[in-house]
Structures are given as C-alpha cells and as structure tokens.
Amino acid sequence: MKTYKHLFFDLDRTLWDFDKNADETFKIIYSKYGLQNRGVSSLEAFREVYEKHNNLLWSFYRKGEIKKVILNVRRFEMSLNNFGIQDTTLACDIADEYTSMDPNRIYLFPNTIETLEYLFPKYKLHLITNGFEEVQYPKIALSGMKKFFDQVITSEEAGCKKPEKDIFYFAFEKTGATPEESIMIGDDLEVDILGARSVGMDQVYVNYHHKEHDEEVTMEVNDLISLTGLF
Ligand SMILES: [Mg+2]
C-alpha cells in the first residue's frame with residue numbers, strides 16, 4: 001500500500017449518520033406543524049416524497065443551477081404539494097426549523113470516534129463536505145469530532161462542490177497535501193470516489209449498504225472500524 005499522509009473524509013452519510021439524524025428532526029416537524037391533520041398521510045410517506053425531491057434538487061444545487069435558499073425551501077414546498085398543501089409560508093417555517101435543528105443531532109455511525117482516535121496520531125485528518133457551512137461546523141463540534149480534524153473544507157468556502165476537481169485542488173492548497181499522499185474516504189461513488197479519482201487521488205469507498213457497482217475503487221469497506229485494519 002502507498003504511504004498516505006492525509007486522509008480526507010466526507011461528513012454526511014460517511015461519519016455523521018445523516019438519515020438517523022434526519023429521522024429525529026422529521027418526527028418533530030411532523031408533529032409540531034400538525035402535518036397529519038393537514039393531509040399528510042404518515043411521517044414515512046412525507047419522508048419518502050421529501051427524499052425524492054431533495055435528491056433531485058441537490059443534484060441541481062451541486063451543478064450550481066439553483067441557490068441554497070431555493071433548495072432549502074423548495075424541497076419542503078414540493079413535498080407539501082404532493083399532499084395537496086400549497087403553503088409557501090409553511091414550507092419556509094419547516095425549512096428554517098430543519099436547518100436550525102439538524103446540526104444539534106449527533107448520531108454518528110458505529111465506531112466513528114474509535115476509528116478517528118486510532119487514525120488521528122498517524123495521519124493528518126481533514127473533512128471535505130458539500131453541506132451548508134452553517135450546519136456543518138456545529139455538527140462537527142457537537143458530535144465531538146472537531147478535535148480530530150486539521151482542516152475542514154466546505155464547498156461554500158471553496159466556491160465549488162464535489163465531484164468538481166476544483167474543490168479537491170482547493171483542499172490540497174489549504175492543507176498542503178499532494179494527491180499522491182492523500183486518500184478520500186466517502187460514501188458516495190460519484191461525488192467522493194469519482195471526484196477524488198479525477199484529481200489522481202486514491203479512494204476508500206464506504207459502502208454501508210453493500211451496493212453493487214462497477215467502479216474500480218482503491219479500497220472498499222462496509223463499516224468504519226475496518227479502516228483501522230487498512231491504515
Ligand atoms: Mg456523503
């Protein structure tokens with residue numbers, strides 16, 4: 001194996017258990033805004049349509065086709081529309097609630113802290129995230145991960161998003177790393193893995209759900225603790 005000096009981690013769905021954290025937030029939103037009484041059949045149904053709209057809008061956001069504020073409100077507005085609710089004010093309120101509550105959720109994937117504790121003395125650890133800056137920093141701090149990371153690179157700071165090459169070049173500049181001595185660790189084949197590969201960086205695909213794929217990744221794990229056997 002190559003000798004690596006810098007390990008770059010993705011945050012959402014790699015270390016921070018995005019879906020489990022969102023479950024909590026959605027439960028509160030569903031009851032607080034009385035969505036059941038307004039025609040939203042169930043929390044699960046609401047979540048399902050939200051995921052669909054959110055994924056689509058995120059793909060537009062990643063390409064720079066829509067702004068953050070539009071993404072934030074439209075995903076709820078479109079989800080409410082699916083249940084016959086046309087209420088932009090409600091969508092705005094829910095969007096605000098969501099972004100203010102989400103960073104306070106601290107569920108990490110199993111063994112996140114143990115794995116970071118193992119890697120921390122051996123490597124420089126960094127984060128590269130496409131998430132919104134105002135939520136990512138509190139998430140990192142409140143979940144107890146801040147002390148492990150030398151640099152945090154956000155897409156907002158870099159002015160571009162994964163999988164664009166420029167965010168990785170920005171990260172190399174900020175950390176003083178070179179692609180040859182760096183490896184990207186992430187859960188998203190397109191965003192993290194292909195992005196890293198495009199700038200000549202090795203990759204670890206964190207494949208929690210054992211998804212089948214045809215990509216040639218440098219390494220693949222199904223849980224975080226396996227990283228301690230690799231590095
Ligand atoms: Mg991710």
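Numbering of ligands and ligand atoms starts at 1, following listing order.
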Quiz item: Going by atom types only, do Q136 and T129 share a side-chain donor-acceptor pair under 3.5 Å?
Solution: yes
Quiz item: Can you tell me if D192 has an N, O or S atom under 2.8 Å away from the Mg ion (ligand 1)?
Solution: no
Exercise. Give the name of the N/O/S atom in D12 that lies closest to the Mg ion (ligand 1).
Key: O
Quiz item: When the ring planes of Y30 and F46 are compared, do they come out parallel, tilted or perpendicular, using 30° and 60° as the limits?
Solution: tilted
Practice problem: Would you check if the distance from the ring center of W58 to the ring center of F132 is below 6.0 Å? | Solution: yes
Quiz item: Of all the N, O or S atoms in D10, which one sits nearest to the Mg ion (ligand 1)?
Solution: OD2
Quiz item: Should V206 and L194 be counted in the same cluster of Ile, Leu, Val, Met, Phe, Trp and Tyr side chains packed under 4.5 Å apart?
Solution: no
Quiz item: Measuring to the Mg ion (ligand 1), does D187 have an N/O/S atom at a distance below 2.8 Å?
Solution: yes
